[in-house]
Amino acid sequence: MTEDQLIARYGTFLVNTGGNDPAELLHRLDTEKHLAATNVVVFTLATAVRSQLRLLANLHQSGLLPTHAEHHHNTSHP
């Protein structure tokens, strides 16, 4: 899965975004050469998002995350 697909599927699991869009944080991380020096907060948030996406990708590949249908079914019960 691409990072965009992971964000679309598991975005609700992402934390430490500072209210920013995860895809935008990753875009800035990939395109702003000196982000760590010019905006350490955004750099930290973006690296946290990338780290979380890698973890989610590994969990997804291992079959340890519920499918959308399973997640919806499990959360719809009172």
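Nothing here was measured: the structure is a model prediction, and the numbers come from that model.
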Qualifying residue, where the test is side-chain contact (heavy atoms from CB on, under 4.5 Å) with Pro22 and the options are Leu45, Asp4, Leu53, Thr17
Thr17
side-chain contact (heavy atoms from CB on, under 4.5 Å) with Thr47: of Asn16, Leu29, Leu25, only one passes, and it is Leu29
Sequence neighbours excluded, the answer for ring pair (Phe, Tyr, Trp, His ring centres under 6.0 Å) partners of His27 is none
In the structure I gave you, are the side-chain heavy atoms of [X] and [Y] within less than 4.5 Å of one another anywhere?
X	Y	result
Phe43	Arg28	no
Leu56	Arg9	no
Ile7	Leu26	yes

Considering only NZ, NE, NH1 and NH2 on the basic side and carboxylate oxygens on the acidic side, decide whether Arg50 and Asp30 come within less than 4.0 Å.
yes
Test item: Gln61 side-chain N/O and Asn58 main-chain N/O as donor-acceptor pair under 3.5 Å
no
I'd like to know if the side chain of Gln52 reaches the main chain of Val15, judged simply by a donor and an acceptor atom lying under 3.5 Å from each other, with no hydrogens or angles considered.
yes
